[in-house]
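The structure appears right after this line, and notes come after that.
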Amino acid sequence: MSGSPTPHAKETGMPKHQRAIVVAMVAVLLVLPHLLYPVFVMKVLCFALFACAFNLLIGYVGLLSFGHALFFGWAAYVSAHAAKIWGFPPELAILSGMACGAVLGLVVGALAIRRQGIYFSMITLALAQMAYFFALQAPFTGGEDGLQRVPRGTMFGLLDLRNDLVLYYVVAAIFLGAFLLIYRIVHSPFGQVLKAIRENEPRAVSLGYRVDQYKLAAFVMSAALAGLAGAVKSQIFQLASLSDVHWTMSGEVVLMTLVGGLGTVFGPIVGAAVIISMQNYLAELGSWVTVVQGVIFVVCVLAFRRGIVGEIAAKLKKPL
Amino acid sequence: MPDIFGIPPQALFGQLLLGLINGAFYAQLSLGLAIIFGLLNIINFTHGAQYMMGAFVAWMLLNWLGLGYWWALVAAPVVVGAFGILIERTMLRHLYKLDHLYGLLLTFGIALIVQGLFRDQFGSTGLPYRIPAELRGGTDLGFMFMPNYRGWVVVVSLVVCFGTWFVIEKTKLGSYLRAATENPALVQSFGVNVPRMVMLTYGFGVGLAAFTGVLAAPIYQVSPLMGADIIIVVFAVVVIGGMGSILGSILTGFGLGIVEGLTKVFYPEASSTVIFVVMVIVLLIKPAGLFGRAR
């Protein structure tokens, strides 16, 4: 594969307005735990990371995975198991969760990219359901109870994660690092090829790109980052459970990304914040939360396909 | 009668029959999905919810209006089909020119709404639905005892599946449908009202799902979650069979039901995953699906 430079090679750095938003985001992240309940903000960050990982596939390669809970949930199980049973320190527990996401992503991705379009989504959903049944039956996942009381431990032997605020800053750093990594991936020559595949796959093939390898690489990256989010989640809530691997979780990450804006840089973060806040405030409504989520899906698809950030970007005529 | 591979024949044939019934449900649901996809280019994620609605309409007719199974068999597909037509008219219609994925997302959203509403109304535990008096009891076939209702489900499903196949492959109406699947603009220019055909096709596919739901009501309990569980399996069935062939959908559905039934006998732990395993194998060997056109 020739790593030829893209026509837009001069756009290496982040545009000014995006850089300003990132700086503002860092500032907000520093202050936020003093204004809101840190665990809530961590939850938002964790799902924002999950949604960004998902957006890497749907937004930039045009692949709709309906099984991302598989990577999120299994990574949560593996890192919870590593921390609780093997006594791994948090950094290694999180890394093993991420590795689990990458390996599962390699297997699922290799199978799913054998079909295109709508079949791709159905295959990812079916494989995720299969993994759900494994989680239900396998002894080490704790079945219906899940893995509870996962110890938080001390990161690098220095940072005591039992303190919510310390954990918060660690989570925020992980989130920022992953966000910038995704930004870098998307805006690299590799990312340009991904977008070419999204726009016109046969043309990318005729230009000599090995489309399947690109798709698989993007899938593995997305799965690994989704795994990172799941692993972090099991550290925050000290819990890995069946709801993390269930298809409703896959649906939620789709919804967050759709609400924020498919294929936008900041959309998944906004979408995650909106959906998690909504769940938080509507929690007592029980099954109505599902109804509200369904209504948001319908409204977004019919009238609001660009999502919140996509609409703002279209108004400002600047990529966000 | 001697055991077969160490399994008492009654248990073996009982599970085979149950597998055949599940297969009948898979066949009818994947048939509906395939017909809808052919004409609308949309994967109908609401299919499971519409199957569940069929079962609930039957339950409501019985418990609220005192109308029994036979009424439900006719009324539920009509009611739920009308609901489908309403969705097609007001929402799906706007998505035909867009990417496939929006149709999937929209119908997923509708499925969440329907499921949430039913769960709020009826809770998530199953509600019983009695087998109609005419079909209670069973028949001794010599090698096994067959509950009459189960035999009825298999026979009716076969009739419905092959009836659908006949209409689509052998009648003039079906030829219009097949032509519109290939090239709607051309068919429209010959004076066929394609938008109406699309609408009725969706209504039919949805009605078929509701009909399946009524058939399922006495076997499984009527529950708001029954559709979500089955639709993902049906997706796997569709991936295995490919949506290009009507007969292929029917064969794949029944075949996989039997495979699942046999797994329940010989290795029950894998019975919930065996269809997904078959899907993986098919993807490795014949990525286009057993009856799919290579693409």
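Just so we're on the same page: letters track the sequence lines, and every chain starts at 1.
- Of residues 231-243 of chain B, those residues lying under 4.5 Å from chain A by any heavy-atom pair are B:Ile232, B:Phe235, B:Ala236, B:Val238, B:Val239, B:Gly242, B:Met243.
- Using a 4.5 Å cut-off between non-hydrogen atoms, the part of residues 106-116 of chain B that approaches chain A consists of B:Leu106, B:Phe108, B:Gly109, B:Ile110, B:Leu112, B:Ile113, B:Gln115, B:Gly116.
- When heavy atoms are compared at a cutoff of 4.5 Å, B:Met91 approaches chain A by way of both its backbone and its side chain.
- Both the backbone and the side chain of A:Val295 come within contact range of chain B, each with at least one heavy atom under 4.5 Å from a heavy atom of that chain.
- Side-chain contact between A:Ser121 and B:His100 is absent, with no heavy-atom pair separated by less than 4.5 Å.
- Contact annotation for B:Leu98: only side-chain heavy atoms (C-beta onward) come within less than 4.5 Å of a heavy atom of chain A.
- With a 4.5 Å cut-off on non-hydrogen atoms, A:Leu262 touches chain B through its side chain but not through its backbone.
- Contacts between residues 23-54 of chain B and chain A, counted as heavy-atom pairs separated by less than 4.5 Å, involve B:Phe37, B:Ile43, B:Phe45.
- Here CZ of A:Phe120 is found 11.5 Å from CG of B:Leu101. Values are rounded to the nearest 0.5 Å.
- When every heavy atom of A:Arg114 is checked against every heavy atom of B:Leu283, the shortest pair comes out as NE-O, 2.6 Å.
- In this structure, the portion of A:Leu64 lying under 4.5 Å from any heavy atom of chain B is its side chain and not its backbone.
- Around atom CZ of A:Arg203, no more than 12 heavy atoms belonging to other residues, nucleotides or ligands sit under 6.0 Å away.
- For A:Glu284, the CD atom sits in a packed shell: over 12 heavy atoms of surrounding residues, nucleotides or ligands are nearer than 6.0 Å.
- We find the CG-CE distance between B:Leu104 and A:Met122 to be 8.5 Å, quoted to the nearest 0.5 Å.
- Along residues 117-125 of chain B, the residues that come nearer than 4.5 angstrom to chain A, judged on non-hydrogen atoms, are B:Leu117, B:Arg119, B:Asp120 in order of number.
- Contacts of A:Ile58 with chain B are made by side-chain atoms alone, with heavy-atom separations under 4.5 Å and no backbone atom involved.
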Could you check A:Gln137 against B:Ser272 for side chain to side chain contact (heavy atoms under 4.5 Å, CB included), going step by step and ending with a plain yes or no?
-> CA-CA 10 Å; A:Gln137 290 172 346; B:Ser272 52; 3.8 Å; yes

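- For a residue to count as touching a neighbouring chain, one of its non-hydrogen atoms must lie under 4.5 Å from one of that chain's; by this rule B:Leu105 touches chain A with backbone and side chain alike.
- Only the side chain of A:Leu258 comes within contact range of chain B, with at least one heavy atom under 4.5 Å from a heavy atom of that chain.
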